[in-house]
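Just so it is clear, the values below take in all heavy atoms, side chains as well, and ignore hydrogens, waters and symmetry mates.
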Amino acid sequence: RKEVEQDPGPFNVPEGATVAFNCTYSNSASQSFFWYRQDCRKEPKLLMSVYSSGNEDGRFTAQLNRASQYISLLIRDSKLSDSATYLCVVNDGTYKYIFGTGTRLKVLA
Amino acid sequence: DAMVIQNPRYQVTQFGKPVTLSCSQTLNHNVMYWYQQKSSQAPKLLFHYYDKDFNNEADTPDNFQSRRPNTSFCFLDIRSPGLGDAAMYLCATSRDRGVGNEQFFGPGTRLTVL
């Protein structure tokens, strides 16, 4: 089993749709959780950190479920510019950041 | 703006010809990382520096070396690039290691090996 697993997609959604991604992690000792966005042939950019209580930033909402060991990302009112790969990243409290292989999102006009 | 800068953005080298990639940061972060990312794969950690302490990953080939002459700069040396080393090389920084420390990435260097 991979340490961090994501559905690779692609998720093809129309503009204005709501889309959700899940990410599961295997290490129950994991302590920090992040969502990054990566555009084609570019670097990962931090979208948001994920806190135990869940957090929201505009159209983006992240949730953490420690009992089931998954995190989620919800995007409301999708824009064409949201098309990218979304990487789930988990840190176990050390220097190691474990990346999922990403979920590809395509928002269609 | 504070940031992570990588040079060059694109590097073409010949099989076996040494190459050096550079990374600099104005964030004054303690930790610097080098990742290799191939198409449709997750970034793979090669090594990291915690201040001046170098930490190699067990599966990083000896062909890859790194130097961090000061807080701001870090270099990745590929001594004898092979065709399999063609990839995007990403430099990242974090303020510290451990809980709550976010990583910030440079724009990457795309390496082509002919």
Side-chain angles (χ1 to χ4, degrees), chain A residues 2-10 21 23-53 55 57 62 64 66 71 84-106, chain B residues 1-6 9-10 21 23 25 27 29-51 53-60 86-112:
Chain A
K2 289 183 184 175
E3 291 182 84
V4 176
E5 292 205 64
Q6 295 183 252
D7 181 340
F21 310 135
C23 164
T24 59
Y25 60 93
S26 60
N27 183 358
S28 59
S30 299
Q31 300 193 30
S32 300
F33 309 88
F34 309 93
W35 283 104
Y36 281 77
R37 170 199 169 120
Q38 187 170 27
D39 292 286
C40 188
R41 300 172 74 82
K42 297 281 181 75
E43 77 275 24
K45 291 190 175 167
L46 181 67
L47 184 63
M48 53 203 309
S49 302
V50 188
Y51 303 117
S52 295
S53 54
N55 45 308
D57 183 2
L64 167 63
R66 285 191 184 272
I71 66 172
T85 296
Y86 290 83
L87 297 168
C88 169
V89 183
V90 174
N91 174 265
D92 63 0
T94 69
Y95 69 91
K96 239 179 175 150
Y97 294 79
I98 309 299
F99 288 75
T101 50
T103 297
R104 205 148 60 95
L105 171 66
K106 286 184 168 184
Chain B
D1 286 340
M3 54 178 27
V4 183
I5 302 161
Q6 290 187 244
R9 296 290 307 278
Y10 300 91
L21 312 181
C23 176
Q25 53 124 346
L27 297 160
H29 282 175
N30 283 325
V31 195
M32 294 186 79
Y33 309 78
W34 279 105
Y35 287 89
Q36 178 193 66
Q37 188 178 26
K38 296 187 176 181
S39 184
S40 301
Q41 295 183 20
K44 177 181 181 298
L45 182 65
L46 296 173
F47 22 62
H48 80 281
Y49 276 93
Y50 182 69
D51 196 11
D53 293 334
F54 176 71
N55 299 270
N56 202 26
E57 290 301 290
D59 59 353
T60 298
M88 172 81 98
Y89 289 88
L90 294 162
C91 173
T93 73
S94 64
R95 183 176 301 282
D96 206 327
R97 294 186 295 202
V99 179
N101 281 284
E102 299 152 340
Q103 283 189 314
F104 296 91
F105 286 83
T109 295
R110 186 163 294 280
L111 178 68
T112 300

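- Of all heavy-atom pairs spanning A:Ser32 and B:Gly100, the tightest one is OG-N, 2.7 Å.
- Within a 6.0 Å sphere centred on CD of A:Glu3, heavy atoms belonging to other residues, nucleotides or ligands number 12 at most.
- Heavy atoms closer than 4.5 Å to chain B are found nowhere in A:Arg104, neither backbone nor side chain.
- Ring pair A:Tyr95/B:His48 is parallel by interplanar angle, where below 30° counts as parallel and above 60° as perpendicular.
- Contact annotation for residues 87-95 of chain B against chain A (heavy-atom separation below 4.5 Å, listed by residue number): B:Met88, B:Leu90, B:Ser94.
- Proximity to chain B (any heavy atom under 4.5 Å) is shown, for A:Tyr97, by both the backbone and the side chain.
- Under the 4.5 Å side-chain criterion, counting only non-hydrogen atoms from C-beta, B:Gln6 is not in contact with A:Glu43.
- Around the NZ atom of A:Lys2, the shell of radius 6.0 Å holds no more than 12 heavy atoms that belong to other residues, nucleotides or ligands.
- Heavy atoms closer than 4.5 Å to chain A are found in both the backbone and the side chain of B:Val99.
- The distance from the CZ atom of B:Phe105 to the OH atom of A:Tyr36 is 5.5 Å, given to the nearest 0.5 Å.
- With a 4.5 Å cut-off on non-hydrogen atoms, B:Tyr50 does not touch chain A at all.
- In this structure, chain B has no heavy atom under 4.5 Å from any part of A:Lys45.
- Most heavy-atom pairs under 4.5 Å with chain B: of the set A:Gly102, A:Pro8, A:Pro44, this distinction falls to A:Pro44.
- The shortest heavy-atom contact between A:Gly100 and B:Ala42 is O-CB, 3.4 Å.
- Of all the listed residues (B:Glu57, B:Arg110, B:Gln41), the one sharing the greatest number of non-hydrogen pairs under 4.5 Å with chain A is B:Arg110.
- The distance from atom CG of B:Asn101 to atom OG1 of A:Thr94, rounded to the nearest 0.5 Å, is 11.0 Å.
- Here the CD-CZ distance, from B:Gln37 to A:Phe99, works out to 8.0 Å after rounding to the nearest 0.5 Å.
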